Amino acid sequence: MSKYFPEQFEEKWAQQWVADGLFQKTFDVEGQTLENKMYLLYAFAYPSGSGLHVGHVEPLTALDIMARYYRSIGKKVFFPVGWDAFGVPAENYAIKTGVPPVQTTKESIATFSRQIKRIGISYDWGAELATCHPGYYKWTQWLFLQLYKKGLAYKKDAPVNWCPSCQTVLANEQVVEGKCERCGTDVIQKKMDQWFFKITQYKDELISGLDQVDWPKATKQQQINWIGKSEGALIKFELCHSDPDVMSGEESRKDMDPSVSPQDDTGEIKVFTTAHDTIYGATFLVVAPEHEIINEILNPKSEILNNTQISNDQIQLIEQYINQAKSKTEEERLINKEKTGVFSGLYAFNPASQKEIPIWIADYVLAQYGTGAIMAVPGSDERDNQFAKKFELPITYVAQKNGSSDKDKFISFSNEIKVNPSQYMLINSGEFNGQDFTEGREGIMKKLEDMGVAKRETTYKLRDWLISRQRYWGAPIPIVYDPEGKAHMVKEEHLPWMLPTDVDFKPTGESPLRLSKEFKERVEKLYGKGWTPEYDTMDTFVDSSWYYLRYTDPRNENEFARTDAMKNWMPADFYMIGPEHIVLHLLYSRFFTKFLRDEGYLSVDEPFQKMRHQGMILGPDHRKMSKSKGNVINPDDVMKEYGADTLRLYEMFLGPIDQDKPWSVESVQGQYRFLKRAWSLFESLPPRPRQEVESTPPYKGGESKFEKALLLPKEEYSRRNVGDPLSEGGTKKDLPFEGSTRRGRDVSQLLHKTIKKVGSDIEQLKFNTAISAMMELLNKIEAELRMKNYELRIEDAKKFLKILSPFAPFMTEEIWRNQLGEKESIHTAPWPEVDESLLVESTITIPVQVNGKVRGRVVIGIGDDEESVVAAAMQDETIIAFIPEKKYKKIIYVKGKILNIIV
RNA sequence: GCCGGGGUGGCGGAAUGGCAGACGCGCAACACUUAAAAUGUUGUGAGCUUACGCUUGUGUGGGUUCGACUCCCACCCUCGGCACCA
């Protein structure tokens, strides 16, 4: 055996493992129930042209360590690979260069596969998938049709992001701060007929289902926030005749005449609020510029106009404002925080305060949320307050902090009221004055319900999922239109509904599929003259939100996946995915899972039982890696210098997997040294039987002290394999008996502790501490070997090699097969069993504190009681130096942990 | 503004109520070498001390406890997400 040269064997084993099909699932038999399974899933990768990044290596290695570990403790591990291969980058590249996306995608997949194999990821390549393959997207389209049949896929006119320069629609994720990510042009909203999936059907279950899964708390919270459930009330405000005089000044409560109710009903405005308890302070209403009431106002024939007197001037102002608001992008509305608005000319009746209040139109109210109309309470809402001040509208304060009466602070209370309602008191609220907000909130709700003007209501921020894309490189939407323009499903026998290839990639503002002659002809041929295809393709998130199901039965041509295969494997036991997928992919996947469950295909509610996010690998400068910053680390370079095992080990050692961590060029050395030292350890062990001891080549760099210690006389080798020199009955003539026994036991004990720790650390994803533990073990073995009165047993060396093998699969395999002459791969060997009897200690050292400060330590027997521990401490001179006259007030003894003496 | 994560040596980090800084990097001295690299040994939070040691120390301030990086309260800084969401 020579010096550690990973380049001499890593490539060889990488190819050998794949050729041997070492990691393919062979235990998936149709009709059989699977037990003891472990389905490990890594985020579906987009095969980008730039190849593997150090950021991919970390989660891949983590999962690979888990896969190798769980296999060796007897789990039936399934660790599949696939490619999220449709998407915008390949298409953009095609636009630039004319190279068809199918070609670039193939090349990229080949690069990725080679690199992933090279770092030793034990994927099951037999289940490899790509979403751009017709055998895959056939079932993406099938899924669309199932949703369509149930009314969960529908078409609707909707605004989309449009880049006027690129002449194309952009996905939300292509819009960066309101600009096109490619050309920097301002994105505008354009109304188009689009396909949606009705994810809102499952909005409540998408919240409650999170209780079933082991996901990071923050991720669950982000999903909950995204769904944005808020409970409040829907309140009806009746429209009434305008009489501006009524509104002048703030009347006192006494002026209120409950008999005064609006006589000339002309309609109503429904308002959604979560703060109905502030309704007495609602001094005006505001509707969004898109609100339906505006159509009434601007329609000369409408009833509303007949019943009110809105001047023509006012109507002109309204028209002007509406047009202005429409021309603004959503981004512009947000950036300009200055409130704008216009009086509608209408009044409504506040059912609580019994006042007539004006209705305003303003774009700070969002049409899409709630009812597109609000009751404005400028006394306790900051936005309403700004608006009221600007347009000189009345302000009524309805909340007061107990023991405070500072009017200016009332606004800032509003957020706190929801957190601590009992600390605030209602004022200017009729019969509710003096009640706290817990009591008043319920009372006011009841009153409004009794009046028949309000009901409890829940709203959500979650919108249906827009899946249409005016893009080429995606799965075609399997819909055709008859000559009248009515949509029909593509027949199942026509699936896969093939993506045409006769298209030009120049962006024209039209869906690229419109340019395909073949596509049009195909539809007419199959469905009749005058029929046309749907030209849009599906959002690539559709492809990537069900792939984990296809993995379970990836080559099935008749079904999406066998029901029993999905039943056997789902849910995925562990999913590692970047935090950027928290909202979209993970929410969509959960939606599909719930839909397919309801259709009877699946028996699970949630697709991913346990999920964690890998952190980002930052550049050495602690900033995000990017070419422009020049801080990119290329995994190929690291491998060239140190080998794949060092790269793997280093990324795992960096720190907790879910944390962002900077790369350190020097620190990589540490892992390389560790592997070199481990390699050297085995140089002294017996070589393969057919090899002569003398033929072992000397260390290239010369013998170190440590190596000299390792070089044992030839006859020692045979002796080792016969008897156990460390047991009482073993040969011990050359070794001091006391020393060898104690040291041998110490090392064995540490070995078994380490076996235990590495296993449990892997299960807890604490790869960094698992590696530290193995380093400590090696440090200890080396130190003992240096003492020359300890020798390493080959069985123990093998155990050490085995627990290192998930982390450094190449080096351990090379030693295992070449040096130790094993016939089967180390990766099929079982995990070493922990000898618990070795872990039992007879004596322990415990620290002794005096007044909470450690002053010394005593060695005690494992079963010693408090009395004898205290007695032992009182013998120790350094300890009693801190205890005047050996007198103490109190003793705290935590069995086996610590003794604290209070003086 | 709201939601969530985090703050420990020169650096990455370890310790989840019981010896703070495991493990690794870096640094220093020494050994090997003609020399360098590699490798090995020893040391390495700060302050004080010839030394044994002592004091101090986990963002800040307070609290609970015999004992707090760890639990509680308030605050500061930082990173990520959402945001005129009523």
Side-chain angles (χ1 to χ4, degrees), chain A residues 3 216-222 224-226 228 230 232 271-276 278 282 286 333-334 336-337 339 362-366 368-377 380-384 386-387 412 414-415 459-461 579-580 582-583 615-616 620 622 649-650 653-656 658-671 673-674 676-677 680 699-708 766 768-776 779 782 786 845-857 878 881 889-894 896-902:
Chain A
K3 202 179 164 182
K217 196 176 133 207
T219 302
K220 289 186 181 183
Q221 199 54 50
Q222 265 193 60
I224 290 168
N225 291 349
W226 186 266
S230 44
V271 149
F272 174 76
T273 180
T274 56
H276 60 264
T278 62
V286 187
R333 281 198 193 181
L334 285 176
N336 188 4
K337 292 259 176 181
K339 297 282 178 290
D363 66 5
Y364 83 91
V365 171
L366 307 173
Q368 325 86 283
Y369 186 73
T371 59
I374 62 154
M375 62 174 209
V377 185
S380 65
D381 183 278
E382 208 182 329
R383 297 153 300 178
D384 297 342
Q386 283 171 9
F387 194 80
S412 57
S414 61
N415 282 328
T459 61
Y460 297 83
K461 284 191 235 176
E580 68 275 14
I582 286 172
V583 175
M616 205 191 299
H622 291 225
L649 218 53
Y650 175 66
F653 185 70
L654 263 176
D658 57 354
Q659 205 170 292
D660 291 353
K661 300 157 292 260
W663 186 276
S664 160
V665 176
E666 293 98 3
S667 294
V668 184
Q669 284 279 352
Q671 304 310 310
R673 283 178 197 148
F674 170 59
K676 278 198 283 192
R677 288 194 288 131
S680 306
Y699 202 97
K700 252 194 175 169
E703 286 174 7
S704 66
K705 274 184 188 168
F706 162 56
E707 282 156 354
K708 280 176 197 157
K766 289 163 72 178
N768 54 332
T769 51
I771 295 169
S772 311
M774 289 187 284
M775 286 175 162
E776 282 179 84
N779 288 348
E782 286 181 347
R786 260 196 316 275
T845 306
I846 65 160
V848 180
Q849 297 182 328
V850 181
N851 289 340
K853 278 188 179 146
V854 177
R855 298 300 185 184
R857 34 194 70 78
T878 55
K889 286 193 193 124
K890 200 176 166 187
I891 291 286
I892 292 121
Y893 176 58
V894 183
K897 282 214 160 157
I898 201 160
L899 175 69
N900 195 1
I901 301 165
I902 313 301

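Here the structure is a predicted model, which means the values were calculated and not measured. Naming convention: chains lettered A, B, ... in sequence-line order (proteins, then strands); numbering from 1 in each chain.
- Along RNA chain B, the nucleotide nearest A:Q669 and the nucleotide nearest A:K897 are compared for position; the residue whose nucleotide lies closer to the 5' end is A:K897.
- For B:G57, there is no paired base (Watson-Crick or G-U wobble, both distances below 3.5 Å).
- The CD1-C1' distance, from A:I902 to B:U65, rounds to 11 Å in whole Å.
- When each of B:G4, B:C66, B:G13 is scored by its nearest atom to the side-chain atoms of A:K217, the top-ranked nucleotide is B:G4.
- Interface remark: the A:Q849 side chain does form a donor-acceptor pair with the B:G18 base, using a distance-only criterion of under 3.5 Å.
- When the P atom of B:A86 is taken as reference, atom CD of A:Q386 falls 16 Å away, rounded to whole Å.
- Separating the CD1 atom of A:I224 from the P atom of B:C2 is a distance of 19 Å, rounded to the nearest angstrom.
- The separation between A:K853 atom NZ and B:U65 atom P is 19 Å, rounded to whole Å.
- Scanning both residues, A:V365 and A:I374, for their nearest heavy atoms gives CG2-CG1, 3.7 Å.
- Comparing the C1' positions of B:U39 and B:A51 gives a spacing of 34 Å, expressed to the nearest Å.
- Residues A:N768 and A:P656 are in side-chain contact: their nearest non-hydrogen atoms beyond the backbone lie under 4.5 Å apart.
- At a threshold of 4.0 angstrom between heavy atoms, the contacts of A:D658 with the nucleic acid are absent.
- Residue A:L654 is the one, among A:L654 and A:W226, whose nearest nucleotide of RNA chain B lies closer to the 5' end (criterion: closest heavy atom).
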Test log, rule side-chain contact (heavy atoms from CB on, under 4.5 Å), inputs A:I771 and A:Y650: CA-CA 10 Å; A:I771 295 169; A:Y650 175 66; over 6 Å; no
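- Pairing for B:U78 goes to B:G5, judged as Watson-Crick or G-U wobble with the two contacts each under 3.5 Å.
- Here the nucleotide nearest the side chain of A:P656, chosen from B:C23, B:G13, B:G67, is B:G13.
- Residues A:T278 and A:M375 form a side-chain contact, since some pair of their non-hydrogen atoms from C-beta on lies under 4.5 Å apart.
- The pairing partner recorded for B:G40 is B:C30, the criterion being a Watson-Crick or G-U wobble arrangement whose two distances lie under 3.5 angstrom.
- For the OP1/OP2 pair of B:G4 and a distance below 4.0 Å, the side-chain nitrogens and oxygens of A:N225 include no atom meeting the criterion.
- Under the Watson-Crick or G-U wobble criterion, with both distances below 3.5 Å, B:A83 has no partner in any strand shown.
- A sub-4.0 Å separation between OP1 or OP2 of B:U39 and a side-chain N or O of A:K676 is present.
- The C1' atoms of B:A28 and B:A20 are separated by 24 Å, rounded to the nearest whole Å.
- Among the nucleotides B:C25, B:G4, B:C84, the one closest to any side-chain atom of A:K339 is B:C84.
- Residues A:Y893 and A:I846 have side chains in contact (heavy-atom distance under 4.5 Å, counting atoms from C-beta outward).
- Atom CZ of A:F653 is separated from atom P of B:A22 by 11 Å (rounded to the nearest Å).
- Pairing for B:C71 is with B:G63, a Watson-Crick or G-U wobble pair whose two hydrogen-bonding atom distances lie under 3.5 Å.
- Residue A:V894 is in base contact, counting any heavy-atom pair closer than 4.0 Å across all strands shown.
- For the P atom pair drawn from B:A83 and B:U78, the interatomic distance equals 23 Å after rounding to whole Å.
- For A:R673, the listed nucleotide lying nearest its side chain is B:U39; candidates were B:C84, B:U39, B:G4.
- Using atom C1' as the reference point in both B:G18 and B:C32, the two lie 45 Å apart (nearest Å).
- The side chain of A:K461 sits closest to B:C82 out of B:C25, B:G18, B:C82.
- Side-chain contact between A:S667 and A:F653: absent, with no pair of heavy atoms (C-beta onward) separated by less than 4.5 Å.
- Glycosidic torsion of B:G9 falls within 90° of 0, placing the base in syn.
- Separating the CZ atom of A:R855 from the P atom of B:C19 is a distance of 15 Å, rounded to the nearest angstrom.
- Following rounding to the nearest Å, A:K220 (NZ) and B:G5 (P) show an atom-to-atom distance of 13 Å.
- Picking from B:G12, B:U56, B:G26 the nucleotide with the shortest atom distance to the side chain of A:H622 gives B:G12.
- When distances run from any side-chain atom of A:E666 to the nucleotides B:C82, B:C25, B:C23, the shortest one goes to B:C25.
- Counting only heavy atoms from C-beta outward, the side chains of A:N851 and A:I902 approach each other to under 4.5 Å.
- In this structure, of B:G4, B:G67, B:G24, it is B:G24 that holds the atom nearest to the side chain of A:N779.
- Distance from the side chain of A:M775 is smallest to B:G24 among B:G24, B:C25, B:C84.
- Rounded to an integer number of Å, the gap from CD of A:Q222 to C1' of B:C79 is 13 Å.
- The closest side-chain heavy-atom distance from A:Q659 to A:L654 is not below 4.5 Å.
- Separation of the P atoms belonging to B:A38 and B:C25 is 12 Å when rounded to the nearest angstrom.
- Taking a pair to require two hydrogen-bonding distances under 3.5 Å in either a Watson-Crick or a G-U wobble arrangement, B:U16 remains unpaired.
- Distances shown here put every side-chain N or O of A:Y364 at or beyond 4.0 Å from the OP1 or OP2 atom of B:A86.
- In this structure, A:K339 forms no cation-pi arrangement with A:F387, as its terminal cationic atom is not both closer than 6.0 Å to the ring centre and no more than 45° off the ring axis.
- Rounded to whole Å, the P atom of B:C2 lies 36 Å from the corresponding atom of B:G67.
- B:C79 sits 22 Å from B:A74 when the C1' atoms are compared, rounded to a whole Å.
- A distance of about 6 Å separates the P atoms of B:G59 and B:U8, rounded to the whole Å.
- An OP1 or OP2 oxygen of B:A15 is reached within less than 4.0 angstrom by a side-chain nitrogen or oxygen of A:K766.
- For A:I374, taking side-chain heavy atoms from C-beta onward, the closest of the listed nucleotides B:G26, B:A86, B:C3 is B:A86.
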